[in-house]
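Worksheet for the structure shown next.
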Amino acid sequence: MFNSNFLWGSASAAYQIEGGQFADGKLPSIWDEYAKVPGNTYMDTTGEVAIDFYNRFEEDIALMKEQGLKAYRFSIAWTRIINEDRSVNKKGVAFYDQIIDGLIAAKIEPIVTIYHWDLPQFLQDEYGGWENRKIVEDFNQYSTILFKYYGHKVNYWVTLNEQNIFTELGYLKMLHPPNRCNYQTFIDVNHHAFLANAQAIKTYRAMELTGKIGPSFAFSPVYSASVAPTDVIAAENAQELLNWYWLDVYLMGHYSKASLNLINKLGAIVSMTQEDRELLTNVGDFIGVNYYQTTVVQAPSSNFVEKDINFNTVYKPQINVYEALFKEAKNITLEHTDWGWAIDPTGLEITLRRLTSRYNTEILITENGLGAIDILESDNKIHDQYRIDYLALHIEAIKNAIADGSSVIGYCTWSFQDLFSWLNGYKKRYGFIYVDRTENDVKELKRYKKDSFYWFQNIIETNGGN
Ligand code: BGP
């Protein structure tokens, strides 16, 4: 059963919805720069206009209110808040004040993500962004400003969105900015991000704010491709390197011994000082979980069908730094989305159980949803029964995990409105609200309610549905 104050919510990220690329003094982010290079994104789409939330937030908040949403997770663009001389851009601050106040007036709990991948380009240029320890100080300065302006009215803070994904795609797979592939750099960048996360949490508490704060993580439970012990060991390696490496730092305040050993085995080291060790003990109040799919792993010598990767037309040859330890396989027992993501509601139950058993922490599901090609019919309806089925099964899985002892405080679907998908343009849609635009035609950006909008409205009304 869901508590009466369960946060039925939905989520988004600044670059994916706002547009208003340089409005009111906003600076360029690494995504503004990356997306404008031909070939980097699907059909060269960018977030220049996105779905124009910057100008249409009132209409969108009214739709959230109509649906009965209890929480809305959105991110703040660092580039709207800080000027290049590190002073505060008051217009940027005022923009998010309007969003936060609008949500509160509509009785919707704002959940603020501090960083959802849109690093100011000047920090990348000045010292390499996340590659340099200086980022900890800059991130702290930026977070402190947010806590100062919004801390008294925002009760839920997500420090970093999916550190595991932005570092993997940016520093191993060359699919996100800054388009690098180097394992040692990846480890350094992650160490700096861990420190930045811990420092922001420490600052938040020092300011005696009473809300909850924690990072969100893309958790994909690892399954072994078979019961052969070699595959099981491969799965252990993957579970360690793809999950516990981050989560132990976030939730226990230190690196797991096994992940440090494996990192060394792969030729990298974590450069840690005594101060770092102490700082990392500042752990969050909850863990945010973004759940989309499970991962199947086999031994390097096994021959199960490998997983196909489908990022629309943006595909670069993948370098697998983990190849000596494990490789991925396709889960042939499951159906997959049009983008090859395994549909596995039970995987969410497994996620919640594993997190509860290892960390016994509060969990906020910060993202979950189905990316699909939606059709706007001639009568302006969108019949997305496939999305309803997907979400219903995942909600059922949460119910089961709660019955088995998990402490889940909320569920944010990805996403409320259709939005810009980093590598899939506007083809891959997730929202309850259809936004009428294509990759190359912005049209009028009209909003239409999909069937899932009404279905989720009922889920909220009945606190979990029948
Ligand atoms: C998560 C990100 C989101 C969103 C989502 C769906 O990893 O936090 O920002 O993009 O995935 O991903 P995609 O748009 O690639 O399907």
Side-chain angles (χ1 to χ4, degrees), residues 9-18 29-31 34-35 40-43 45-47 50-51 53 72-78 111-119 158-170 172-173 175-177 193 214-220 242-243 246 287-295 308-316 318 336-343 347-348 351 364-374 386-387 390-391 394 411-432 435 439:
S10 209
S12 67
Y15 187 71
Q16 298 181 274
I17 58 168
E18 286 179 0
S29 75
I30 54 173
W31 265 95
Y34 184 74
N40 275 351
T41 62
Y42 176 60
M43 290 175 77
T45 39
T46 72
I51 59 157
F53 182 73
Y72 181 58
R73 172 182 174 231
F74 63 98
S75 79
I76 290 184
W78 193 337
I111 301 176
V112 171
T113 307
I114 300 175
Y115 182 73
H116 203 124
W117 307 353
D118 43 358
L119 185 78
V158 173
T159 46
L160 302 176
N161 178 68
E162 296 188 352
Q163 181 186 326
N164 57 326
I165 301 298
F166 82 77
T167 57
E168 181 194 19
L169 299 185
L172 292 181
K173 296 203 167 160
L175 283 164
H176 278 196
S216 76
F217 182 77
F219 192 89
S220 180
L242 304 181
N243 290 321
W246 283 276
I287 184 73
V289 169
N290 294 357
Y291 175 77
Y292 290 93
Q293 55 181 327
T294 41
T295 298
D308 20 85
I309 300 160
N310 187 350
F311 286 109
N312 275 331
T313 53
V314 181
Y315 178 77
K316 297 180 192 162
Q318 304 282 305
H336 292 75
T337 70
D338 292 339
W339 280 264
W341 295 19
I343 301 176
L348 178 54
T351 295
L364 174 60
I365 298 169
T366 35
E367 285 182 32
N368 172 240
L370 175 69
I373 297 165
D374 292 330
Y386 38 89
R387 181 165 294 108
Y390 178 101
L391 295 175
H394 285 77
Y411 174 64
C412 294
T413 67
W414 186 266
S415 52
F416 182 72
Q417 318 95 319
D418 287 342
L419 41 72
F420 169 70
S421 165
W422 309 95
L423 299 178
N424 311 285
Y426 298 91
K427 185 173 175 189
K428 190 180 189 188
R429 292 168 178 267
Y430 283 90
F432 293 125
V435 179
E439 279 70 30

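Counting begins at 1 with the first residue of the sequence. Order of listing sets the numbers, starting from 1, for every ligand and every atom in it.
Close approach of ligand 1 to His116 (heavy-atom distance below 4.0 Å) involves ligand atoms 2 (C), 3 (C), 8 (O), 9 (O). Close approach of ligand 1 to Lys428 (heavy-atom distance below 4.0 Å) involves ligand atoms 13 (P), 16 (O). Less than 4.0 angstrom separates some heavy atom of Tyr430 from each of these atoms of ligand 1: 6 (C), 12 (O), 13 (P), 14 (O), 16 (O). The distance from ligand 1 to the heavy atoms of Asn161 drops below 4.0 Å at these ligand atoms: 8 (O).
Not less than 6.0 angstrom separates the ring centroid of Phe74 from the ring centroid of Phe53.
The shortest N or O to N or O distance between Trp341 and ligand 1 is not under 3.5 Å.
Ring geometry, Tyr426 versus Phe420: the interplanar angle falls from 30° to 60°, so the pair is classed tilted. Using cut-offs of 30° and 60° for the angle between ring planes, the Trp246 and Phe217 rings count as tilted.
Between the Arg73 side chain and the Gly9 main chain, no donor and acceptor come within less than 3.5 Å of each other.
When heavy-atom distances to ligand 1 are checked against a 4.0 Å cut-off, Phe420 has no atom that comes that close, whether in backbone or side chain. When heavy-atom distances to ligand 1 are checked against a 4.0 Å cut-off, Trp339 has no atom that comes that close, whether in backbone or side chain. At a heavy-atom distance under 4.0 Å, atoms from both the backbone and the side chain of Ser421 approach ligand 1.
Between Lys427 and Met43 the shortest side-chain heavy-atom distance does not fall below 4.5 Å. Side chains of Ser75 and Asn161 form no contact here, defined as non-hydrogen atoms less than 4.5 Å apart.
Under a 4.0 Å heavy-atom criterion, Asn424 is in contact with ligand 1.
Of the residues Tyr411, Tyr430, Tyr291, Trp414, the one that meets the side chain to side chain contact (heavy atoms under 4.5 Å, CB included) test with Glu367 is Trp414.
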